[in-house]
Peer 1: 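Structure below; questions to follow.
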Amino acid sequence: MFTKRGQKVLAAVLLSVMLLTTACATKAPSRFDQVQQESTQKKSGQAVVKDATQGSKLNAFFPSGGDGYNRVYTQEKKGFSEANLKKGDKVVAQLAISDTSSTPAAASKFANSSKKIGGYPAVELGKTQTSVLVNKYQVKVISKDPSFTASDRAAWIERFNLSGLEKLK
């Protein structure tokens, strides 16, 4: 049969062949690779328009805290600004202003609205969101706690500087 040296040579040759064939094999894309590719492609079509308002400019129109509430900014980017509304340590609502020039569908939902808050067309989405359209800006309040009701959301929308936001270009 094989000598010890022959066995070592044979083992080395087989190992080399195995490594070579597995290293050169092409890997089939996983389901995660496919999702990543689709996600990357979708993002390229969702760019913020060039003339969207900077989020830092939108901050000036948010209501301040008070009555036991604290406003804490959480996100700011071109065309969008967001803050949490806290009562004590608990987030009870999320406040947001977004420039709809990048997302015209967001503005179109107000076209048939018969409801108004602060003189602006309003819509309710589900049981937790209330929004108004002020010029090209959507002002939204989202309940994060069941105790924060639709009337609370409407009251907080009216606390935004809506008339100032209407003048913003």
Side-chain angles (χ1 to χ4, degrees), residues 30-169:
S30 74
R31 61 188 172 115
F32 302 109
D33 294 331
Q34 182 181 355
V35 170
Q36 178 65 40
Q37 184 179 8
E38 289 172 6
S39 173
T40 304
Q41 289 171 349
K42 285 181 184 175
K43 283 182 186 173
S44 66
Q46 295 177 345
V48 176
V49 295
K50 198 176 205 175
D51 63 341
T53 306
Q54 287 294 338
S56 57
K57 278 189 169 182
L58 300 173
N59 290 345
F61 303 98
F62 277 76
S64 57
D67 302 326
Y69 290 94
N70 252 345
R71 179 206 58 217
V72 179
Y73 290 106
T74 56
Q75 189 176 33
E76 175 186 294
K77 58 186 178 183
K78 189 170 186 174
F80 181 77
S81 186
E82 176 183 87
N84 282 337
L85 188 62
K86 293 177 122 185
K87 190 163 194 171
D89 289 338
K90 191 175 194 178
V91 175
V92 293
Q94 207 169 49
L95 314 174
I97 301 175
S98 57
D99 185 331
T100 64
S101 50
S102 299
T103 54
S108 67
K109 67 184 171 209
F110 295 93
N112 298 323
S113 174
S114 58
K115 183 177 180 177
K116 292 199 181 286
I117 297 175
Y120 299 95
V123 294
E124 297 223 6
L125 298 167
K127 296 182 181 196
T128 60
Q129 297 182 36
T130 305
S131 302
V132 295
L133 185 66
V134 179
N135 198 355
K136 67 175 187 168
Y137 301 100
Q138 177 177 256
V139 177
K140 183 186 285 189
V141 177
I142 303 169
S143 295
K144 294 294 181 181
D145 185 83
S147 67
F148 202 82
T149 65
S151 60
D152 293 326
R153 292 192 305 268
W156 275 91
I157 285 175
E158 289 182 336
R159 291 177 75 165
F160 279 82
N161 181 355
L162 300 175
S163 60
L165 188 60
E166 185 174 27
K167 295 171 188 164
L168 183 64
K169 299 291 178 201

Peer 1: Is the F148 ring parallel, tilted or perpendicular to the W156 ring (thresholds 30°, 60°)?
Peer 2: tilted

Peer 1: Rounded to the nearest 0.5 Å, what's the gap from CG on L85 to CD1 on I142? Could you check?
Peer 2: 12.0 Å

Peer 1: Measure from the side-chain N and O atoms of D99 to the backbone N and O of S101, and report whether any donor-acceptor pair falls under 3.5 Å.
Peer 2: yes

Peer 1: Working to the nearest 0.5 angstrom, can you tell me the gap between L168 CG and K136 NZ?
Peer 2: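 If we round to the nearest 0.5 Å, L168:CG and K136:NZ are 7.5 Å apart.
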
Peer 1: Can the ring centroids of Y73 and F62 be said to lie less than 6.0 angstrom from one another?
Peer 2: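 Yes, ring centres under 6.0 Å apart.
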
Peer 1: Could you work out, with salt bridge (Lys or Arg N to Asp or Glu O under 4.0 Å) as the rule, every residue matching K144, not counting sequence neighbours?
Peer 2: none

Peer 1: Show the atom names and distances, to 0.1 Å, of all donor-acceptor pairs under 3.5 Å that link a side chain in residues 103-110 to residues at least two apart or in another chain.
Peer 2:
unit_1 : atom_1 : unit_2 : atom_2 : d
S108   : OG     : A105   : O      : 2.8
K109   : NZ     : Q138   : OE1    : 3.0

Peer 1: For E124, what residues pass the salt bridge (Lys or Arg N to Asp or Glu O under 4.0 Å) criterion, not counting sequence neighbours?
Peer 2: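 For E124 the salt bridge (Lys or Arg N to Asp or Glu O under 4.0 Å) partners, ignoring immediate neighbours, are K115, R153.
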
Peer 1: What's the spacing between S102 OG and D51 CG if we round to 0.5 Å?
Peer 2: 8.0 Å

Peer 1: Count the heavy atoms belonging to other residues, nucleotides or ligands that lie under 6.0 Å from NZ of K57, then report whether that count exceeds 12.
Peer 2: no

Peer 1: If you measure only the distance, is there a donor-acceptor pair under 3.5 Å linking the side chains of N59 and S56?
Peer 2: no

Peer 1: Hey, is the main chain of F61 close enough, under 3.5 Å, to the side chain of N161 for a donor-acceptor pair?
Peer 2: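 The answer is no, because no donor-acceptor pair under 3.5 Å joins these two groups.
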
Peer 1: Short question: side chain of T128, backbone of S143 - any donor-acceptor pair under 3.5 Å?
Peer 2: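 The answer is no, because no donor-acceptor pair under 3.5 Å joins these two groups.
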
Peer 1: What are the two closest heavy atoms between L162 and I157, and how far apart are they?
Peer 2: CD1-O, 3.7 Å

Peer 1: Taking all non-hydrogen atoms of both residues into account, name the closest pair between S64 and R71 and its distance.
Peer 2: CA-NH1, 3.5 Å

Peer 1: Any side-chain to backbone donor/acceptor pair from S98 onto F80? Under 3.5 Å, distance only.
Peer 2: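 Absent.
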
Peer 1: Kindly say whether A150 contributes a backbone atom to a donor-acceptor pair with the side chain of T130 at under 3.5 angstrom?
Peer 2: no

Peer 1: Could you state the interatomic distance from OG (S81) to CG (L95), rounded to the nearest 0.5 Å?
Peer 2: 9.5 Å

Peer 1: When you measure from the side chain of T149 to the backbone of D152, do you find a donor-acceptor pair of N or O atoms at a distance under 3.5 Å?
Peer 2: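 At least one qualifying donor-acceptor pair exists.
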
Peer 1: At what distance, to the nearest 0.5 angstrom, does CZ of F160 lie from OH of Y120?
Peer 2: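 The OH atom of Y120 is 13.0 Å from CZ of F160, to the nearest 0.5 Å.
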
Peer 1: I want to check something: taking the side chain as every heavy atom from C-beta on, are D67 and R159 in contact at a cut-off of under 4.5 Å?
Peer 2: yes

